[in-house]
Amino acid sequence: MNTSRLAVHNLGFPRIGPRRELKHALESFWAGRSSAEELLETARVLRAEVWHAQHRAGVDWIPSGDFSLYDHVLDTVVLLGCIPPRFGQIDGEPPLSTYFALARGLPGIPPLELTKWFDTNYHHLVPEVREGQRFRLGSEKPFREFSEATALGLRSLPVLLGPVTFLALARAETPRMDKLKLLPALLPVYAEILDRLASLGATWVQLDEPILSTPLTPEWQRALIWAYERLRLWSKSPRILVATYFGGLDDNRTTALELAVDGLHLDLVRAPHDLAALLPVLPRHWVLSLGVIDGRNPWRCRLDRAWALVRRAVNALGPSQVWIAPSCSLLHVPLSARLETRLSPWLRAELAFALEKLEELNLLATAALQTSPPAPPDTGGPGPSSPNPREIPEVRKRVAAATQQEPRRSAPAHIRRQLHQRRLALPPLPTTTIGSFPQDAELRRMRAQWKQGRLGPEQYQQFLQQRITACIRIQEAAGLDVLVHGEFERNDMVEYFAEHLAGFAITDHGWVQSYGSRCVKPPLLFGDVYRPAPITVPWWQHAQAATQRPVKAILTGPITLLQWSFVREDLPRDQVAYQLALAIREEIRDLEASGCSIIQVDEPALREGLPLSAPDQALYLEWAPRAFQLAICQAKDETQIHSHMCYCDFRAIEPALRAMEIDVLSLEAARSRMEILDVCPSWAQYFALGPGVWDVHSPHTPTVAELTERIQLALTRIPPERLWINPDCGLKTRSAQEVEAGLKNLVEAAQRVRLALSQT
Ligand code: GLN
Ligand code: ZN
């Protein structure tokens, strides 16, 4: 043990590679352009690189097993031999084809469901369990990766998803099934894994139980205690560090203290109060891993504050019992801010991505045993006397004025509905899409050339206009009722708006994994936000000029802009959301002035923004819908306001949905087997509903029969005059052929059902 510094612990690291190597390797493998061996070799090289990088950065406990070819929850499904029978009988470790089939589906075999990892924008696959579910050791992955690190001369800390969180995330075959009954069958597999890791020489293992940061019933609390007791009895485990993050322990504090483990990791960024509460009562032999550097944001840490927390723990427990760490896995931040050479120097100096966060920890590790905090690095930023580059008084004034009263639309829902019927005269079961159309290689090439200045702005604009016109023709040919322009100008629904709003900066390499091979590049929301000029209006105008049918304008809503950006921390989130809302409000006003009658304000991130703890949830459920309202409340009553949300458990945000004065809400439904129909019918009194009937994330194009069946299913719950027919989400991820075929089928299915309705 080094006595001049604390041990640095890391919980997980970005997997995708500095140039998104994993993404490219996966996509080339799926397209049949490269072999499994090539893919696995890319993965092996990436693992070695990140282990070495962490070692160089001074990490003492480097995670292993956190790497994944697709998703760590999927890896756990395979590890525990919990593959649903529709994927076939599998003995031993499944081949890569089965692994990817679980994630992406096969013709006629739906994949596992996809949902957001707690309150992040990372998506995990949802395990499926049934009554009497059996488990077995289904893969060698944790052992392989631990040995791989050992062979490189590195001591690693194997990371596993804990058994109770695994069950909590799993989808039970029947809603009433008691998932906890499966624990006795699950734990022996965990015991076997722990034994194997011990025999390979692992001295510690990290078991992630982030459900400890969510409200738990007494049954689940008891299950946690029982599970770790059993693991202790049934295995010769390495020492166990239970990790929780994204929130505090709060009501689960006693439960956490009773776990038969050897250490605990806490998220002291989200819940600094946990420390004072735990220090006096912590079991003597436990190690406490202090998550003091924010693993969810890209900003430099206030090292003096982190230092004060760490000192407190060191004084109480002594240095050998204290580790320091990021608050959670660094999966949620990009790799290195050093690559961002095009940002203004002051902003660059404010950034700390994964590697820089480890450097901050390294500074703290030494300073924690000294009597003063580490000196903040000289960032070359503006001195204290320069004007604050983040603040614009005019924006503050406008937000203060706009939030004086509750934002409400002027007419109630049923009046608006009549106005829309008169203005739009749509058929029953109107068909539409969610906004984006496929973005092909040519489009990406043209965009890149334009960005590099090799294609003039007029030529680029013309090219996009041609795409829009072609997209309108495709939709007319398919027979859709409400068209869209296709979103070709947007490489990403958040980045595009961020590029056009003041207060944002865009990174060049700030990629973060979203799911599988898909990555997002969250913009940096560093300053006060306003809209210097209209953003989407000319594109919408071009589309509407090409058709007689109504073209729905698509905007990204304030909560999603907030949630999918890296947000400044010197202003409360609600205030930032209100600033964004006022910018979107101006865009709505200009669209209306151009004659637009249907405007969709996308909020796919509304659910994931919901904090984990009950008091924070209550606050969020007030300000988040208010921000949305602020954006739409001045829309004319005859303007039909749509919104779209996807891939989440919508029930938790029900009160927000009711408050939002949306006219039509489209939701993802097909991917989760239309289960939303069990909860959403009661919402039809507030807004019309478009439960998606086409799972756009599966390469399988739905047939007319499948679509008809889903529409009919929806009609058993939602009255025909309140039902819209649309896909689950944007069509951006599909090919042009898939989209043409799928849309034709979608319209044909809607027409069949309309006909049947008119005959009854
Ligand atoms: N309008 C967006 C699209 O169609 C919505 C995407 C989303 O929900 N994430 O791509
Ligand atoms: Zn969506």
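Position 1 is the first residue of the sequence, and the numbers go up from there. Ligands are counted one by one from 1 in listed order, and the atoms in each one are counted from 1 as well.
His509 meets the side chain to side chain donor-acceptor pair (under 3.5 Å) test with no other residue; sequence neighbours excluded.
No side-chain donor from either of Trp539 and Glu487 sits under 3.5 Å from a side-chain acceptor of the other. In summary, the side chains of Arg518 and His123 do not present any donor paired with an acceptor at a separation below 3.5 Å, with no hydrogens or angles considered. For Ser597 and His420, the side-chain atoms include no donor-acceptor pair closer than 3.5 Å.
In summary, the aromatic rings of Phe246 and His332 are positioned with their centroids under 6.0 Å apart.
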Could you list each nitrogen or oxygen of ligand 1 that sits under 3.5 Å from a protein nitrogen or oxygen, with the atom names and the distance?
from	atom 1	to	atom 2	distance (Å)
ligand 1	1 (N)	Ile434	O	3.1
ligand 1	1 (N)	Glu487	OE2	2.8
ligand 1	1 (N)	Asp602	OD2	2.6
ligand 1	4 (O)	Ile434	O	3.4
ligand 1	4 (O)	Ser436	N	2.9
ligand 1	4 (O)	Ser436	OG	3.2
ligand 1	8 (O)	His644	NE2	3.1
ligand 1	10 (O)	Ser436	OG	2.7

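Atom CZ of Arg651 has 12 or fewer neighbouring heavy atoms from other residues, nucleotides or ligands inside a 6.0 Å radius.
Rounded to 10°, the angle formed at the Zn ion (ligand 2) by Cys646 SG and Cys729 SG is 120°.
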